[in-house]
Amino acid sequence: MTSLRLGAILVGLGLGLVLLGLIWLPAPPTALGPVRFSPPSLRHPLGTDWFGRDTLSRVMVGGRVSWAVAAIAVGVGGTVGILLGAVAGHTGGIVGEALMRVPDLLLAFPAVLVALLLATVLGPGLLGVTLAIALFTLPYFARLTHSSVLALREEEFVVAARAAGCSAGRIVLRHILPNLSSPLLVQASVSLGSAFLAEAALSYLGLGIQPPDPAWGRMLREAQTYVGHSPWPAVFPGLILGLTVLGLNLLGDGLRDLADPLTRRLIPWRRS
Amino acid sequence: MLRFVLGRAVALLGTVLFAALAVFLLLTVIPGDAARLVVGPEATPEAYRAAREALGLDRPWPARFGDWLGRALRGDLGMSWVYPWPVGELLVRALGITLPLALLAIAVASILGLSVGLLASSHLGRAADLGLMALAQIGLAVPEFWVGILLMGWFAVGWRILPAGGFPGWGEPGAVAYLVLPALALALPRGAYLARMVRAAVADVLSSDAIRTARAKGLPERRVILVHALRGALVPVAAAFGLTFARLMAGTLVIENVFSLPGLGWYAVRAADGRDLYLLLGIAVTAAALVGLVSAGADLVYAFLNPRIRYR
């Protein structure tokens with residue numbers, strides 16, 4: 001339970017910071033300032049970078065991109081994955097097995113490589129990055145849904161629904177998928193964390209939103225050049241990113257325990 | 001067992017072939033091709049057409065893919081468009097950095113994961129377990145390239161103990177020092193993941209009858225965990241190992257760019273910038289084959305450790 005609460009707090013704080021940035025920022029994020037490499041101070045709570053830009057403001061604005069890309073990628077990848085897994089599981093047989101080779105193939109490619117390939121085709125913007133992360137999210141949802149649908153397909157309530165004349169789509173959507181809501185929620189939480197990490201890595205490599213607009217990965221790339229001079233610009237974007245991912249992972253763990261009270265009761269140490 | 005191995009080999013071959021075809025198709029739809037890059041924006045249409053012909057870009061894609069495949073099977077992966085070398089030669093050179101880096105990282109991650117996981121599982125539910133698992137949660141959440149940058153700041157730029165990046169070539173003495181920081185950065189999240197897996201698997205086995213018997217025999221707790229529980233836990237750990245190696249490969253592609261190591265990931269970024277079709281194809285096929293090989297290997301170990309899987 002603690003991990004659920006701690007995760008919710010961390011995610012809430014991270015998201016709150018980004019949402020606050022929509023209505024109020026401590027400084028304009030692209031405005032050059034007179035003090036370069038300021039350590040954390042009252043004026044600049046997270047310090048300033050090489051151009052004297054306020055790191056806190058840039059982190060708050062950069063977070064918009066991370067949250068948007070992660071949410072859209074997991075939303076799209078998750079939906080397609082669930083549909084693919086459900087159709088493959090419900091169809092079964094050779095067709096179902098063949099459909100499930102698609103997520104297997106996607107897993108054989110590192111997301112970074114897919115993103116680089118898409119960037120050569122679509123340009124280095126957000127579309128390619130989001131698509132690459134969605135493709136990399138899809139297999140996990142497809143596999144989870146597929147195995148669960150296979151397991152549930154012969155359950156009595158599904159057989160009863162079929163006997164009552166329900167269409168295949170209705171059976172999957174109304175009778176099978178609701179039973180999967182908690183594992184899918186757990187997967188969504190973990191996948192969001194991975195999506196944040198992937199987005200940051202790709203923006204570090206120069207893909208995604210282009211300068212001077214800030215993104216967490218790009219801020220780290222710029223900070224790397226001067227890391228010997230001042231570590232502060234390299235510390236905070238990564239720290240906020242790490243805390244957000246930590247929160248999402250904890251949230252996933254907590255949800256899993258919540259959905260599965262048996263393990264919590266039988267294995268006391270899982271409670272932590 | 002032989003059928004199992006053959007099945008996996010065919011699946012691997014199919015994956016690599018499909019990967020090549022997918023990348024080829026994706027890259028043939030690119031607007032603005034290599035011929036334009038070769039001749040420059042001010043070239044006459046005649047020069048552009050000549051360059052297209054020279055590069056073989058004027059022919060339909062199935063013929064070009066067939067050509068590439070036929071030559072690839074004979075070991076010729078084509079010429080790079082960005083670099084003045086054959087793709088095969090570039091790949092061998094890049095693998096000479098990527099593979100040692102990945103192996104070093106997975107070795108560190110395994111040692112880290114096994115020792116932390118075993119330590120935690122021998123203190124299940126107590127403060128040491130909670131503390132170590134909290135650390136593993138943190139290790140799993142931090143981006144590896146960020147850890148790389150911070151390590152570089154401290155060890156290379158600040159204290160000047162290790163080199164900050166680049167690679168002098170394997171002939172130079174102390175070349176391996178250039179791989180230490182990137183391998184550490186890569187190993188941290190993977191080690192944290194393995195530690196969680198080891199702990200969960202050992203905890204699972206510890207509640208079994210076999211362990212009750214071992215304890216009832218009066219074996220010391222260390223022996224119970226290191227010999228009896230660990231053996232039972234190896235099956236899920238082998239599965240986790242295969243998955244984590246695939247993730248590690250992806251991490252390698254990024255970390256090479258942090259430390260300016262000319263491996264697969266470094267060349268992938270440059271090939272994507274230069275729309276270097278054959279180099280990108282080569283890198284994609286190599287990466288898919290590597291990930292496929294490792295997961296097939298993990299499956300084999302898994303099948304070897306757990307006979308029930310073989311006979312499905």
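To find a chain, count down the sequence lines: A is the first, B the second, and so on, and within it residues start at 1.
In summary, B:Asp209 and B:Arg212 engage in a salt bridge, as defined by a charged side-chain N under 4.0 Å from a carboxylate O.
If you measure heavy-atom distances from A:Ala119 to chain B, you find no contacts under 4.5 Å at all. Contacts of B:Arg196 with chain A are made by side-chain atoms alone, with heavy-atom separations under 4.5 Å and no backbone atom involved. When heavy atoms are compared at a cutoff of 4.5 Å, B:Leu280 approaches chain A solely by way of its side chain, counted from C-beta outward. Both the backbone and the side chain of B:Ile283 have a heavy atom closer than 4.5 Å to some heavy atom of chain A. Contacts of A:Val114 with chain B are absent, with no heavy-atom separation under 4.5 Å from either backbone or side chain.
Taking the six-membered ring where tryptophan is involved, the planes of B:Phe145 and A:Tyr204 are tilted, since the angle between them lies from 30° to 60°. Aromatic ring pairs are classed by plane angle as parallel below 30°, tilted from 30° to 60° and perpendicular above 60°; the pair A:Phe236 and A:Trp232 is parallel. Between B:Trp68 and B:Phe65, the ring planes are parallel. Angles under 30° get that label, and only those over 60° would be called perpendicular.
Because its NZ or CZ atom is not both nearer than 6.0 Å to the ring centre of B:Tyr267 and within 45° of the ring axis, B:Arg270 does not count as a cation-pi partner of that residue.
Residues of residues 247-258 of chain B having a heavy atom under 4.5 Å from any heavy atom of chain A, listed by number: B:Arg247, B:Ala250, B:Leu253, B:Val254, B:Asn257, B:Val258. Within residues 12-20 of chain B, the residues having any heavy atom less than 4.5 Å from a heavy atom of chain A are, in residue-number order, B:Thr15, B:Phe18, B:Ala19.
The shortest side-chain heavy-atom distance between B:Leu26 and A:Thr120 does not fall under the 4.5 Å cut-off. The shortest distance between side-chain heavy atoms of A:Pro139 and A:Asp104 does not fall below 4.5 Å.
Of the inter-residue distances, the one linking A:Asp49 atom CG with A:Thr225 atom OG1 reads 11.0 Å to the nearest 0.5 angstrom. To the nearest 0.5 angstrom, A:Leu220 atom CG is 8.0 Å from B:Leu150 atom CG.
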Please test B:Arg190 against B:Thr244 for side-chain hydrogen bond (donor to acceptor under 3.5 Å, both in side chains), starting from the C-alpha separation and ending with a verdict.
CA-CA 6 Å; B:Arg190 296 301 100 209; B:Thr244 210; 3.0 Å; yes
Begin from the C-alpha positions of A:Glu97 and A:Arg101 and carry the test salt bridge (Lys or Arg N to Asp or Glu O under 4.0 Å) through to its verdict.
CA-CA 7 Å; A:Glu97 282 302 309; A:Arg101 293 287 81 79; 3.7 Å; yes
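Across B:Leu290, B:Val147, B:Val142, B:Val157, the residue that shares the most heavy-atom pairs under 4.5 angstrom with chain A is B:Val157. Among A:Leu107, A:Leu118, A:Leu246, A:Thr244, the residue with the largest count of heavy-atom pairs under 4.5 Å with chain B is A:Leu246. Highest contact tally toward chain A, considering only B:Ala289, B:Gly292, B:Ala284, is held by B:Ala284 [criterion: heavy-atom pairs under 4.5 Å].
Checked by atom type, the side-chain pair B:Ser80/B:Asp276 shows a donor-acceptor distance below 3.5 Å. A:Arg218 and A:Ser203 form no side-chain donor-acceptor contact under 3.5 Å, judged by distance and modelled atom types alone.
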